[in-house]
Amino acid sequence: MKQRKKICVLGLGYIGLPTAAMFATHGHEIIGVDVNPEVVEALNRGKIIIEEPYLDIMVQAAVTSGNLIGQTKPDYADVFVIAVPTPIKPDKTADMSYVVSATESIVPFLQKDNIVILESTSPVGTVNELLIPILSQSGLVMGEELYVAHCPERVLPGRILIELVENNRIIGAVNQKSAELVKELYKTFVRGDIFLTDATTAEMCKLMENTYRDVNIALVNEVAIICEKMKVNVWEIIDLCNKHPRVNLHKPGPGVGGHCLTVDPYFIIEKVPDLAKIIFLSRETNNYMPEFVVEKITNALKHVSEPKKITVLGATYKPDIDDVRESPILKIIDLLIKNNFKINLYDPYVKSHPCLERDLYKAVEGSDLLLLAVNHQQFKSLPFELIIKQMRTPIIFDTRNFYDPNYLQKIGFDYILLGKGNSSE
Ligand code: SAJ
């Protein structure tokens, strides 16, 4: 196998673009393909239109070196990496149309000894039942003339460039030869261990990783609700439980967002709805959290006169990123508006939202409640002593256990913590 490969990466989103830049800065020749001309045009100027630490620098370096170019159509290459979205349809089944069209688009360019890698998170059976039939249209023999594998991405947004290198990877291939070739390729930049298996096992592993996290979070969200009833503090309980060597409880919060945990469990549920009971219930539990938050707000402000105004701090699906996909905070805002609350959203990362107010002091003016919805690092040390002067009712509702209650109470706030029973309720 020659060292420098020509690699066509299909899909230049949160996974495809960093992967393309990583291969390019490690000496490979990369064609980044995206159906969105805006993305391609930005790439060819060395720019990115998504937020991810250091990705801009890496993409610029890759483009400047001449190793990375953008195109709206695929081309002949040694390797094809498919990293397109696999969203969920309204009926909660996987929308595989992007995977299908990306795979179909490479068929005319496939040649003997090419490698095709699916990185997109996909329902079990995708490689064997969806990919292989399309790739077979090339006339090439799978595993002998065309090497095929599923190599699911596992990186955490906000830490993508670190995790692409450091995380262990699973390669699930159609045969041993395919697995070995793909492993050799990823070894270009992966410093974690690389484990080889079959494609179906790799598909299920990826879905299980995010399902494990979703179920764990659902458990602590349920316990948070229970703790409020029992008038104890869930955060202290989790902290103490996690001192046990075999306990790793995650954190409760206002719901689960992002494109992974809110989607991947359904890829299991769609195949075996009667069997995936805990998985389904966990989704329901996490989906309920925005309603729970709104109920608590309604209760906290029941004696406040209309119009009741709320300042929401943060709307992204998790801290220090700009991504609002499936964010439970958007659901909270919608529910609050439906219940007649006036909303100002303050989030320096969010590009646009009808409630967005860029000026913090305007956002809190006349407010009856500050809702700490996302624990962005820059929200840690807000000027609370000035903020409180702008508010009509000084209530702060911390859904993340982010603030020091003693300080906030000392300066005059009524502090509410999600998952902590208040003895006055
Ligand atoms: N969340 C909690 N409590 C926690 C942890 C997270 O409520 O203790 C919430 C977050 O607020 C967020 C949601 O869960 O709304 C998802 O965030 P996340 O940090 O768990 O994960 P993602 O969606 O950004 O990335 C996950 C990661 N999967 C795992 O950690 C098992 C990442 O490694 C995957 O590559 C990614 O999904 C993916 O693309 O599948």
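First listed ligand is number 1; within each ligand, the first listed atom is number 1.
Aromatic ring pairs are classed by plane angle as parallel below 30°, tilted from 30° to 60° and perpendicular above 60°; the pair Y349 and H376 is tilted. Between F189 and F23, the ring-plane angle classifies as perpendicular under the 30° and 60° cut-offs.
For H259, no heavy-atom contact with ligand 1 is shorter than 4.0 Å. Heavy atoms of H250 found under 4.0 angstrom from ligand 1 belong to the backbone as well as the side chain. At a heavy-atom cutoff of 4.0 Å, ligand 1 is contacted by the side chain of R400 but not by its backbone.
Looking at T121 next to ligand 1, no N or O pair under 3.5 Å apart turns up. Remark: ligand 1 and Y317 share an N or O pair separated by less than 3.5 Å (distance only, no angle test). Checking only distances, E163 never comes within under 3.5 Å of ligand 1, N or O to N or O. For the pair V155 and ligand 1, the shortest N or O to N or O distance falls below 3.5 Å. In terms of polar-atom proximity, G257 is counted as a contact of ligand 1, with an N or O under 3.5 Å from an N or O of the ligand.
Within the cation-pi definition used here (under 6.0 Å to the ring centroid, within 45° of the axis), K296 qualifies as a partner of F397. The cationic atom of K380 (NZ for Lys, CZ for Arg) lies less than 6.0 Å from the six-membered ring centre of F402 and within 45° of the ring axis.
Not a single heavy atom of G258 sits under 4.0 Å from any atom of ligand 1.
When the side chain to side chain donor-acceptor pair (under 3.5 Å) test is applied to Y14, the partners found at least two apart in sequence or on another chain are D322. With sequence neighbours excluded, the residues forming a side chain to side chain donor-acceptor pair (under 3.5 Å) with Y186 are E119, listed by chain and number.
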